[in-house]
Amino acid sequence: MSYRFRRGAADLSPPSTWPAECFKDRTPVIAHGSNRAPEQLARKYPGDRETALKPQRAGADPQADEIPVTLTQLHDYEVVYSAHMTRYGAVAANLQHAPGAVVEVFITWLNAAQLQRMHDTELGAEIYRFGCLEDVTLEQPAGPIPPLERVFVYLSSAGCLRVADQPAGIAAVPAVQRRFPTLSQLEALETVRHRFYPDRGLDEFILAVIAEAELRRRVIEALRADAVTLTAPHFRSVDPG
């Protein structure tokens, strides 16, 4: 469901009721992993929660601090697991070309300051690359949403988690005409744990990945060495500066 992230919370009013001005001077960025969730946006933009506790200044732009988030159908790609783990102990997400598939993603419409903050959180570990998808088919909900000739995205240079010699789709992400088998997040974590640390229990492994930066680095290094190569023929790198 599309929503407007406003003052630290999700406004679920339908896009057909949104003012066209809320898309003005914004960059459309695909959220294919945790950035699709308002809880994650609240962590990345904590100032919005502080703003929610203050009365709005007279004359202030009511759309300045919000983020429109539109549910979108992306054709010819699937959301799969990346060949790396996050600092909070999850197997991360990636996109992979899958002709004929249609997958559900979200587009976050970011102003300049919000885009810089997203760069800070996504590009610091030097795993994700920023760029754009061009000449792809996107189905967006009804409303004053600008037509898109291209859409921006962060893709993992680590590649895709290899499971039985192919990428593994994220089961929780709706898609049709899938090309790849799917795993739940729990199953993906078990796959990684069993491959590299079979003597540890899953909870112990996750906590160790969170707490031990060197262990997390070794796990990511091993996953990258065994990864399925990222395939994204519509992707072009863009300087985030």
Side-chain angles (χ1 to χ4, degrees), residues 1-15 17-18 22-23 26-53 63 65-74 77-82 84-96 102-111 113-125 127-128 130 133 138-141 143 145 148 151-156 158 160-161 168-175 182-189 192 206 209-210:
M1 179 180 293
S2 301
Y3 61 95
R4 294 165 75 186
F5 182 73
R6 309 174 70 188
R7 299 171 73 82
D11 175 350
L12 300 179
S13 58
T17 67
W18 299 357
C22 72
F23 295 100
R26 291 179 178 270
T27 300
V29 181
I30 286 178
H32 52 73
S34 62
N35 289 337
R36 65 176 56 211
E39 295 82 5
Q40 181 71 328
L41 294 180
R43 284 189 285 270
K44 294 196 173 190
Y45 301 95
D48 288 347
R49 285 177 291 182
E50 297 170 7
T51 300
L53 301 176
Q63 279 98 41
D65 294 324
E66 76 171 65
I67 300 176
V69 183
T70 51
L71 176 61
T72 303
Q73 306 300 318
L74 171 64
Y77 282 84
E78 284 193 52
V79 178
V80 301
Y81 288 101
S82 172
H84 82 280
M85 294 189 68
T86 68
R87 288 177 294 179
Y88 50 87
V91 185
N94 209 358
L95 290 179
Q96 182 76 338
V102 182
V103 68
E104 181 181 285
V105 297
F106 286 77
I107 293 179
T108 54
W109 296 80
L110 307 177
N111 64 29
Q114 292 162 348
L115 180 61
Q116 184 56 58
R117 170 60 180 162
M118 191 64 78
H119 286 339
D120 293 343
T121 63
E122 295 296 319
L123 301 177
I127 291 177
Y128 282 103
F130 182 68
L133 294 178
L138 298 161
E139 298 178 49
Q140 298 217 76
I145 302 168
L148 293 175
V151 63
F152 293 85
V153 67
Y154 300 93
L155 293 184
S156 169
C160 308
L161 179 68
I170 298 181
V173 177
T182 61
L183 296 177
S184 67
Q185 177 67 220
L186 182 61
E187 291 168 331
L189 286 166
V192 175
I206 294 172
V209 167
I210 295 171

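Computed from a prediction, not measured in an experiment: that's the story for all the values here.
- Heavy atoms only, all atoms of each residue included: Ser82 and Ala93 are closest at CB-O, 3.7 Å.
- In this structure, the separation between CZ on Arg36 and CD1 on Ile30 is 10.5 Å, given to the nearest 0.5 Å.
- Ile170 places none of its side-chain heavy atoms less than 4.5 Å from the side chain of Val80.
- A distance of 6.0 Å separates CG in Leu41 from CE in Met118, rounded to the nearest 0.5 Å.
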Exercise. Side chain to side chain contact (heavy atoms under 4.5 Å, CB included) between Gln140 and Leu148: does it pass, once the steps are laid out?
Worked result: CA-CA 10 Å; Gln140 298 217 76; Leu148 293 175; 3.4 Å; yes
For this session: Applying side chain to side chain contact (heavy atoms under 4.5 Å, CB included), run through Glu66 and Tyr45 and close with a yes or a no.
Result: CA-CA 10 Å; Glu66 76 171 65; Tyr45 301 95; over 6 Å; no
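- The shortest heavy-atom contact between Pro38 and Phe5 is O-CE1, 3.6 Å.
- Within the model, atoms CZ of Phe106 and OG1 of Thr72 stand 8.0 Å from one another, a figure rounded to the nearest 0.5 Å.
- Annotation: side chain of Lys44 is in contact with side chain of Asn35 (closest heavy-atom distance under 4.5 Å).
- Using a 4.5 Å heavy-atom threshold, the side chains of Leu161 and Val192 count as touching.
- Closest approach of Asn94 and Cys160 over heavy atoms only: ND2-SG, 4.1 Å.
- Residues Trp109 and Gln114 have side chains not in contact (no heavy-atom distance under 4.5 Å, counting atoms from C-beta outward).
- Separating the CZ atom in Phe130 from the CG atom in Leu155 is a distance of 10.5 Å, to the nearest 0.5 Å.
- Residues His32 and Tyr154 bring no donor and acceptor atom of their side chains to less than 3.5 Å of each other.
- For the pair Leu133/Leu138, no side-chain contact is recorded, criterion being any heavy-atom separation below 4.5 Å from C-beta on.
- Applying the side chain to side chain contact (heavy atoms under 4.5 Å, CB included) criterion to Ile206, with sequence neighbours excluded, gives Leu189, Leu202, Ile210.
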Problem set entry | Check against side chain to side chain contact (heavy atoms under 4.5 Å, CB included), Met1 and Leu71 | CA-CA 6 Å; Met1 179 180 293; Leu71 176 61; 5.5 Å; no
Problem set entry | side chain to side chain contact (heavy atoms under 4.5 Å, CB included) between Leu95 and Leu74, worked out | CA-CA 10 Å; Leu95 290 179; Leu74 171 64; 4.1 Å; yes
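- Within the model, atoms NE2 of His84 and OH of Tyr128 stand 4.0 Å from one another, a figure rounded to the nearest 0.5 Å.
- Here Glu187 pairs with Leu183, Ser184 under the side chain to side chain contact (heavy atoms under 4.5 Å, CB included) rule; sequence neighbours left out.
- Proximity of Arg7 to Asp65: side-chain heavy atoms (C-beta onward) are nowhere separated by under 4.5 Å.
- Taken from SG in Cys22 to CD1 in Ile145, the straight-line distance is 8.5 Å, to the nearest 0.5 Å.
- By the 4.5 Å heavy-atom criterion applied to side chains, Trp18 and Thr70 are counted as neighbours.
- Under the side chain to side chain contact (heavy atoms under 4.5 Å, CB included) criterion, Thr108 pairs with Val29, Ala31, Ile67, Val69, Leu110, sequence neighbours left out.
- Using a 4.5 Å cut-off on side-chain heavy atoms (C-beta onward), Asp11 and Tyr3 make no contact.
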